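Below, chains carry the letters A, B, ... as their sequence lines are ordered, and counting in each starts from 1. Keep in mind that what you see is a predicted model, and the values were worked out from it rather than measured.
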Amino acid sequence: MKGRYDFKEIEAKCQKAWSEQDLYSVPDFSDRPKYYCLEMFPYPSGKLHMGHVRNYSIGDVLARFKTMQGFNVLHPMGWDAFGLPAENAAIKHGALHPAQWTYDNIDAMRTQLKQLGISYDWNREVATCHPGYYKWTQWLFLQLYKQGLAYKKKAAVNWCPSCATVLANEQVKEGTCERCKSDVQKRELEQWFFKITDYADRLLEDLDKLEGWPDKVKIMQENWIGRSEGAEITFAVDGMNESMTVFTTRPDTVFGVTYMVLAPEHPLVEKLIEGKEQAGKIRDFVKTVRNQSEITRTSTEAEKIGLFTGAYCINPVNDEKVPILVANYVLMEYGTGAVMGVPAHDQRDFEFARKYNLPIRIVIQPEGAELDPDTMTEAYDGEGLMVNSGAFNGTPNRDGIAAVTRFLEQKGLGRGRVNYRLRDWLISRQRYWGAPIPIVYCDKCGVVPVPEEHLPVMLPMDVAFQPTGRSPLEDHPGFVNTSCPNCGGKARRETDTMDTFMCSSWYYYRYTSPRDEDNAWDHDKVRNWLPVDQYIGGVEHAILHLLYSRFFTKVLKDINLIDNDEPFTNLLTQGMVLKDGAKMSKSKGNVVSPEDIVAAYGADTARLFILFASPPERDLEWSDQGVEGCYRFLNRVWRLVEPLGDSLSGNNINRPATFVGINRDMRRVTHHTVKKVTEDIDKRFNFNTAVSAIMELVNAMYQFREVPETDREPWVMKEAVDSLLLLLAPFAPHITEELWAKTGHQGSIHAQPWPAFDPEAIVEDEITIVIQINGKVRDRMLVPAEIEAEAMKELVMGQNRVKELTEGKKVVKVIAVPGKLVNIVVK
RNA sequence: GCGGGCGUGGCGGAACGGCAGACGCGCUGGACUUAGGAUCCAGUGGGGCACACCCGUGGAGGUUCAAAUCCUCUCGCCCGCACCA
């Protein structure tokens, strides 16, 4: 027995060599076709977790595979390095600056990634908290500002009391902060927004172009954008020079309006109640609702409460006077903040009307049934003919939608309108550790964007971190006080920083020009590399990061900074890593540390297990015994290949003219494995079955080795060994590199071309087919592989066993599937 | 409530509508050993003396010569959204 598999030594040696040779650096332009393989960059939280290992192992297999297939592969890594944890750590540990904390973590995690042997081009590393990066984040803000896509407005926004900052809608999950789970509150604040709603339609329509994205993600984005077609209708307030406009998807039911409802925050409320006896009660109600957290406010179970304002408005289609209410279930943020109540045909309105004894009027009558407002138990939202609707009586309601809209348009009281659930992206954050918004406020000139040549607006390092709930920047006079770029007078800087999702919306462009000091990126390089061919990451970003990135890309295309209109051609969303059926977490105490696994078994084993245990989209159940199994497999490979040394590398190994018997069989397995592994990686991302196939190859090679030496062709063994190492290389890059050298090859295995299979070698002479009688397997037989259906039938019907089993029965039908089976249907 | 996904051995998981359970783990037996938690060989869905045969992919129907796979209904679990007018 020669040397054993010493993964520690091998992995350290390989990583050193790769680094010294700069093996994974990639030129921007090449004769080879380009392939951009990208994994979502991590937040440098401290150390890698198994989810990272899975994400980056998947990406690395693809990157190495595509490189071996002859592509010029861009495979970069960086750090989503601005964010709250750094700042919270500073508040907690006083002495540690967020920058220090972040860069320490980056160093630790970079080391870990290198220990995993991931083939990144580290020359392109970026960190979003570096001034050389956030200069361009700020620059991009200015570009959006120039386009009128960045604006400031006062609005009721989501406030997380624990994170002490506002949040975008996308960052609120079920009324709670997606980061810390605190109940989110509503606050009336002036904040910076990006006009993502301007792109709602394009973001929606272009989902159809994304054939390489999982349907699940596309559906989630579609639902999030939430397009709905309908109409806006304006109702005059009775006796006042005011009006209220509602959005409805059912203008065909407008004759059924029996009341109107305003959101508590609606500006009209105060005007309507002023001087009325209800005023006090309503003001109290509005106050109570406003103080409710998002979660109680929007819960489906929350009781619907409404109060009559004392005011009425006039239904424009029939001049009826209907009461105006204020109710907690109407949201100011959606539509116009006001709705019309049609209890007969909307379930919510129905329940509300029953509760408050509001009239119910049928205006859509289904065919073959008679709705009765007094006896109906739920709203009817199906189709039918319009009734009680004046000139529209008898119109099918589907036609009525357009007809009523047209009628209102003619009278100037309404118009067709498309509404979106998507709201503008709130990007201000009242926190320190982020990119400062490059805006200055001047008493004379107002809001002034920082001139591009003044960028970056540096984030000061000398700030005090106190849990005050205010951004430390506010208390930093040196930062706040500045001069107006316009008039030179005294001015104040914006002290809010940008949402970190802004930093991550464009990093994949920066990788093409990571050190460019004069441009966010080089246009030619971006044109060459983008879009990303394969993007890999967790499904938790289905809406957030992936929607923002699509938005950014469309804006950048519109201002001719890039040519692509979608950022990511193909998307792979990997499943979670579970232990004992649950997500790994400190609180559950079921965390398996990548460091421990790498120390005990090596990076190759860790990678192999994670790829073998489950297909990538599915959740993966961690198994220590499964890891053991992969470690055993690599040892098995080692024991098979290592003792051969360079015995197969000499010139004395000649290719035989023909292959017969056991040699032919071995070759068939080798070439079949090449075919299977290639297809599993390339077409299906089924790394688990690819690894299985490689294991089968190894099993076959062990069998082959047992054959007397006189019967074996060394050339066949050499072919099998070379193929095995090449196929395994993307999965287990270190052991294969070492064995590649030991078996007498020159150069890195990772620079070799991917093996091709010979279709001739896979061809079988004879195959076993299945004989079924009435669909049940009854026998098998060996037939020539190329046999036709008719000949197959004849052969099968001549079998003794078939004769026995069909004796005395009537053969109704015989189905023959060449290469597979014959099914005899008997009675 | 709406939308999406998933249910296959003891476990992770394989199966272009065509042999259910590849591969791995675990388990059982054997070999080699001072030893075995190394390695190698054999077996391993259930029933059954059986290499006959029967049953078997959450459940109930259906389509088909043939269904884990397609269709309908149903149960269970997971994920996303959630008063969106």
Side-chain angles (χ1 to χ4, degrees), chain A residues 1 4 173-175 214-224 226-228 230 246-250 253 261 263 295 297-304 327-331 333-342 345-349 351-352 419-423 539-540 542-543 575-576 578 581 608-609 612-615 617-630 632-633 635-636 639 676 686 688-699 702 706 768-780 812-817 819-826:
Chain A
M1 176 64 83
R4 45 175 270 279
K173 304 277 166 194
E174 292 178 24
D215 289 340
K216 177 192 167 88
V217 173
K218 288 190 277 189
I219 290 166
M220 282 168 73
Q221 291 209 354
E222 188 181 325
N223 292 340
W224 187 261
R227 181 190 151 99
S228 59
V246 298
F247 172 74
T248 177
T249 54
R250 295 292 305 273
T253 65
V261 197
I295 191 156
R297 170 82 190 269
T298 59
S299 158
T300 322
E301 289 91 58
E303 196 190 357
K304 291 182 178 51
N328 58 349
Y329 75 92
V330 177
L331 306 174
E333 299 85 24
Y334 184 76
T336 60
V339 300
M340 59 186 210
V342 186
H345 306 292
D346 180 283
Q347 185 59 23
R348 249 171 332 170
D349 294 350
E351 287 163 20
F352 191 73
N419 213 14
Y420 298 93
R421 215 187 71 110
L422 180 73
R423 322 243 172 97
V539 74
E540 65 272 17
I543 296 174
M576 289 187 298
L578 310 177
L608 193 69
F609 167 72
F612 174 64
S614 184
E617 325 77 46
R618 224 188 289 183
D619 286 348
L620 180 154
E621 176 66 30
W622 186 267
S623 156
D624 291 333
Q625 285 168 331
V627 176
E628 250 347 297
C630 288
R632 273 206 288 268
F633 170 71
N635 273 285
R636 209 164 134 77
R639 288 195 310 271
K676 167 102 176 126
N686 279 10
N688 56 332
T689 51
V691 174
S692 296
I694 297 172
M695 287 172 168
E696 285 177 90
L697 171 63
V698 170
N699 292 344
Y702 267 87
E706 294 308 305
T768 304
I769 60 157
V770 164
I771 301 172
Q772 293 182 337
I773 291 175
N774 288 344
K776 299 199 172 196
V777 180
R778 281 293 175 269
D779 203 2
R780 284 156 221 275
V812 181
K813 199 176 191 181
V814 180
I815 292 111
V817 182
K820 289 258 161 62
L821 54 69
V822 173
N823 188 11
I824 303 158
V825 186
V826 298

Would you measure the distance from the [atom1] atom in [N] across to the matching atom in [M] and give it in whole Å?
N: B:G45; M: B:A22; atom1: C1'; value: 15 Å
N: B:A67; M: B:C55; atom1: P; value: 13 Å
N: B:U57; M: B:U69; atom1: P; value: 9 Å

(message) Before we go on, tell me: are the rings of A:Y329 and A:F352 under 6.0 Å apart, centre to centre?
(response)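 Ring centres of A:F352 and A:Y329 closer than 6.0 Å.
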Quick one: is [X] getting a side-chain N or O under 4.0 Å of the [N] phosphate, OP1 or OP2?
X: A:N823; N: B:U64; answer: no
X: A:S623; N: B:G24; answer: no
X: A:R632; N: B:G26; answer: yes

(request) Would you mind classifying the nucleic acid contact of A:G335 as base, sugar-phosphate or nothing, using non-hydrogen atoms under 4.0 angstrom? (result)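 The answer is nothing, as A:G335 stays clear of every strand by at least 4.0 Å.
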(request) With heavy atoms under 4.0 Å as the rule, sort A:N688 into base, sugar-phosphate or nothing. (result)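 Sugar-phosphate: the residue A:N688, judged by heavy atoms under 4.0 Å, touches backbone atoms but no base.
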In the structure I gave you, are the side-chain heavy atoms of [X] and [Y] within less than 4.5 Å of one another anywhere?
X: A:R636; Y: A:V698; result: yes
X: A:Q772; Y: A:I815; result: no
X: A:V826; Y: A:N774; result: yes

(message) What I want to check is whether an N or O donor and acceptor connect the side chain of A:K304 with the base of B:C83 at under 3.5 Å.
(response)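 Answer yes: a donor N or O sits under 3.5 Å from an acceptor.
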(message) Whether the side chain of A:R423 and the base of B:C84 hold a donor-acceptor pair under 3.5 Å is what I'd like checked.
(response)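 Indeed, a donor on one side and an acceptor on the other fall under 3.5 Å apart.
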(request) To the nearest Å, give me how far apart CZ (A:R618) and C1' (B:C79) are. (result)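 Whole-Å distance recorded here is 15 Å.
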